[in-house]
Structures are given as structure tokens and as C-alpha cells.
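Remarks on the structure that follows.
First listed ligand is number 1; within each ligand, the first listed atom is number 1. Below, each value reflects all heavy atoms present in this structure, side chains not excepted, and no hydrogens, waters or symmetry copies. Numbers here are sequence positions counted from 1.
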Amino acid sequence: MAGVGHAQSLAAKRVLLIVGGGIAAYKSLDLVRRLRERGARVRVVMTAAAKEFVTPLAFVSVANEKVYDDLFSAIDEQEVGHIQLSRDADLIVVAPATAHIMARAARGLCDDLATTLLLATDKRVLYAPAMNVRMWLHPATQRNVSTLHGDGAWFVGPNVGDMACGEYGPGRMSEPLEIVEAIETALKQDTRLPAPEGLLARGGALEGLHVVVTSGPTHEPIDPVRYIANRSSGRQGHAIAVAAARAGARVTLVSGPVALSDPPGCEVIHIKSARDMLTAVEATLPADIFIAAAAVADWRIEPARDKIKKGECGAPSLSLVENPDILATVSQGLRRPRLVVGFAAETSDLIRHAQEKLARKGCDLIVANDVSEGTDVFGGATNEAHLVTRSGVEDWPRLRKEDLAERLVARLAQMIRAGATP
Ligand code: CTP
């Protein structure tokens, strides 16, 4: 009976035991018994292959609990739910951890209940590998083990010994008492995995804040039918507006002419020219955060009232006038938001130009990206950014614009919480 004659070293601890399909599965029955003797509550999940070796009923008997095995069980989902099943545990233990289950976990596959729990968990996972020697030593398995290590997993075993298949070497699952000891050691530490960057707190990381975003190109009229424009699609700016709204902010999006639909949950102001964009942005202030993602035309011309006709004097020469700098105006204005973010689209000397823009415009952060031909940033779906602040440069990998937006918003929330000031 649970608890008799043993120190309650695991009292009130909740262990989720995932049983993989290997002959060592029978040892996991004993593992459950040992854990319960020490006061732990053990919930058991079996893979389909595990049930070929040991019956669920055997685990129900030793765990004195229902055994879970079905990702799509409506009843289980209603009673516990697979996310809760994974989150309720203090530690997840996979024993036996077969080559297959580790391969799937290393790749982030979630094609059954066990692997879904491994992907959804916010706790560390302790693997007790068990497999044939050659399978254990195979470079693919070793690769998966180091991936899992890198993702924060712990390992116990495998032991060296005679295998059920007649070979000798590393691959035997650790004995139940060795696994118990590893679990005791693990549970003395913090078993929580750090929250991934971009994970937003419930209630929204930007709850209660007003965020103003500019997006898209501007069109500078030449005459009633012609204009100067650029290749900006507005995709990055719009994605930022969406991410900020999702994080709970009140979002005003000031958008140039784009082919995108208005993002849900944002107030959208449509403008055409740079001067209209500045007027619209100033009307939205005060704000807590200003993000200038628009590709504002640097120059305009005084437009002709009538359509310019082909004349005898050849091509007309356009005389350009500099547009107001919206980012600099907001950043240096009296109603400066707490956090001002600019973008730098460059084709050479990316970081140096971004640092120079940061200083010249007086903003807090520049998202710098290379828009040279072939990078597919302007108008494309992805972006490779460098975050430039006064304290340094951070290189981000190539991300979908939506993912970059989420990550940027999470970072801004962090900066606001840390009390960012100009
Ligand atoms: N920006 C702005 N108003 C302008 C020009 C730029 O608000 N008239 C903002 C952009 O939205 C972006 C940042 O300033 O956040 C930098 O834009 P970029 O085009 O890279 O730089 P420019 O200031 O235009 O300088 P240059 O074209 O010489 O690189």
C-alpha cells in the first residue's frame, strides 16, 4: 500500500509518467509503485506501442488512477484536457523512452497524446531511454538526445548490460529505483521551463496602453493621375498592429495605400501622402508607444492641378521637396510617447545607418533590415531584423513578418515594464 514503510520524499509531488513501447515497459509498473510509496501522485499516459507490451489495466491497478492514451478522447478532454494533463505535473517522466518517442519529441511532432503532452508542457522532462544498443548509439538517436538536452530535458541511463535481443552494451533502461532517485533529484530543482520569448501573459502584456502604428507606403501625387510610390506592402506594419491588439493594447493604425484589409481590433486611419500621415499621427496622440513601420516617401513635388501632357519640350523635370519626417517629429515632440520605435530599410552598411538614424531621430529602438534586391523584404512574407538600441545590437533570425511582430511586441512590453524612458 502506498506510503507504508518509506520516507515520503515525494509527498504531494505530481509525476506524469509517459510509457513508451518497449519491453522495459513492465519495469515502469514497479516504478509507479515505488513513486507512490514515496507519496507521489502518478498519472500514466501510454503510447499505442506501450499497450502491446503491458495492458492499461495493469497501470490502472498500480497507479490507482485512470490511464490516459487517447489524444482525441472527448471524455478525457472534458474531464482534464490534454494541456492541463501536461501542466498539472511537477515533472514529466518518459520511461521507457524509446528511440521513436525521443525522435518525435526532438522534432516537435505531436501525433499522439504522449508527444502532444511533451510539446505542450511547461516543465522539464526526464527521459529514461531503453532500446537496442545499436539504436542507442546510432548518430540519429544521439542527435535527438542532444537536441532534447538543449531544450532542457534531463536523462537517466541507459545502463550497460545484456539486452533482451541478446546484444550487450548501453541501452538497458535504468532500474526503477535509479529512476526514482533521478526524479527525487530533479524535483529538488526548479522544474519549470523558461517561458518562450513572445509568450504573452494572460490579460495582455500591453493591456491599458495606446499604441500607434504607421504602415505601408505613401503616395506623393505628381498630377491628378500619377504619383511617386515605393514597394512597401504594409504587411509588417499591419502585423505589428495585430500583435499589439492581441496583447491587449488600444491600437491606432495609420495606413498608406495597401492591398491588405483592415486588421480586426484596430482603429484604422487611411491616408495617402506623407503630410497626411503626419497630420493623422499627431491627431492620435497621446500614445504610450509609437511604431513607425511605414515606408514614407522622403520627397514630394508640388503636384500639377491638371494632368501633365506630353509637350514639345520633352520630359518634364520634377522638382522634389523634402517631406516632414514623421518619426523624428513624434520622437522630438512635446507629446512624445514613452517608447518610440523606427525602422531602417537599408541596402548597405545596415547597422551603421541604423545607429545613425537612432541618434538623429531620437527614438528608443530601430528595427533594421536589409532591403537589397534578392532579400525579398519589401513586399515579401519574411524579414530578417537587427534590433538596434543605444545599448547594442541584437540579431534576429529570418522570421515570418507575423512572428517578427509578435516578438517585437513582446520585447516592447518588456521594455515598458522595465520603465523605458527616452
Ligand atoms: N520615416 C518617417 N518619415 C519620413 C521618413 C521616414 O517617419 N519622412 C520613418 C520610417 O517610418 C522609418 C524610419 O523613419 O521608421 C526610417 O526610414 P528610412 O526610409 O529607412 O530612412 P529615412 O529617414 O527615409 O532615411 P534614408 O532614406 O536616407 O535612409
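- Taking every non-hydrogen atom of L327 and a distance limit under 4.0 Å, the qualifying atoms of ligand 1 come out as 2 (C), 7 (O), 9 (C), 13 (C), 14 (O), 15 (O).
- In summary, the side chains of D370 and H386 do not present any donor paired with an acceptor at a separation below 3.5 Å, with no hydrogens or angles considered.
- Screening M102, H100, R107 for a side-chain contact (heavy atoms from CB on, under 4.5 Å) involving R104 leaves a single residue, H100.
- Ligand 1 is approached by P324 to a heavy-atom distance shorter than 4.0 Å.
- Within the listing of ligand 1, atoms 5 (C), 24 (O), 27 (O) sit less than 4.0 angstrom from a heavy atom of D298.
- Residue G342 approaches ligand 1 through these ligand atoms, each under 4.0 Å from one of its heavy atoms: 15 (O).
- Side-chain N or O atoms of E65 include none that pairs as donor or acceptor with a backbone N or O of V44 at under 3.5 Å.
- Taking the six-membered ring where the residue is Trp, Y127 and F155 present parallel rings, their angle staying beneath 30° rather than reaching 60°.
- Contact atoms of ligand 1 toward A292: 11 (O), 12 (C), 15 (O) (distance under 4.0 Å to a heavy atom of the residue).
- No donor-acceptor contact under 3.5 angstrom links the side chains of E175 and N159, judged on distance only.
- Regarding atom 3 (N) of ligand 1, its nearest protein heavy-atom neighbour is I326 N, 3.0 Å.
- Side chains of N383 and Q236: a donor on one and an acceptor on the other come within 3.5 Å.
- Under 3.5 Å, the side chains of E346 and S348 contain no donor-acceptor pair of N or O atoms.
- For the residue pair S215 / H238, a side-chain donor-acceptor distance below 3.5 Å is found, with atom types taken as modelled.
- Here's the thing with V341: none of its N/O atoms is less than 3.5 angstrom from an N/O atom of ligand 1.
- When heavy-atom distances to ligand 1 are checked against a 4.0 Å cut-off, H353 has no atom that comes that close, whether in backbone or side chain.
- Nearest protein heavy-atom contact of atom 29 (O) of ligand 1 is K357 NZ, 2.8 Å.
- Every N/O-N/O distance between A293 and ligand 1 stays at or above 3.5 Å.
- Using a 4.0 Å cut-off to heavy atoms of F343, the atoms of ligand 1 that qualify are 12 (C), 13 (C), 15 (O), 16 (C), 17 (O), 20 (O).
- Side chain to side chain, T252 and H210 meet the donor-acceptor criterion of an N or O pair below 3.5 Å.
- Less than 4.0 angstrom separates some heavy atom of A344 from each of these atoms of ligand 1: 20 (O).
- For atom 20 (O) of ligand 1, the nearest protein heavy atom is under 4.0 Å away.
- For ligand 1, the atoms sitting less than 4.0 Å from at least one non-hydrogen atom of K361 are 1 (N), 6 (C), 9 (C), 13 (C), 14 (O), 16 (C), 22 (P), 23 (O), numbered in the order shown with element in parentheses.
- The parts of D325 lying near ligand 1 are both backbone and side chain, judged by heavy-atom distances below 4.0 Å.
- Every atom of ligand 1 with a heavy atom of A294 under 4.0 Å away is listed here by number and element: 10 (C), 11 (O).
- Of all the heavy atoms of A274, none lies under 4.0 Å from any atom of ligand 1, so neither backbone nor side chain is involved.
- When each of R338, R411, R336 is paired with D364, the salt bridge (charged side-chain N to carboxylate O under 4.0 Å, His left out) condition holds for R336 and for no other.
- Between E282 and R335 there is no salt bridge, since no side-chain N of the basic residue sits under 4.0 Å from a carboxylate O of the acidic one.
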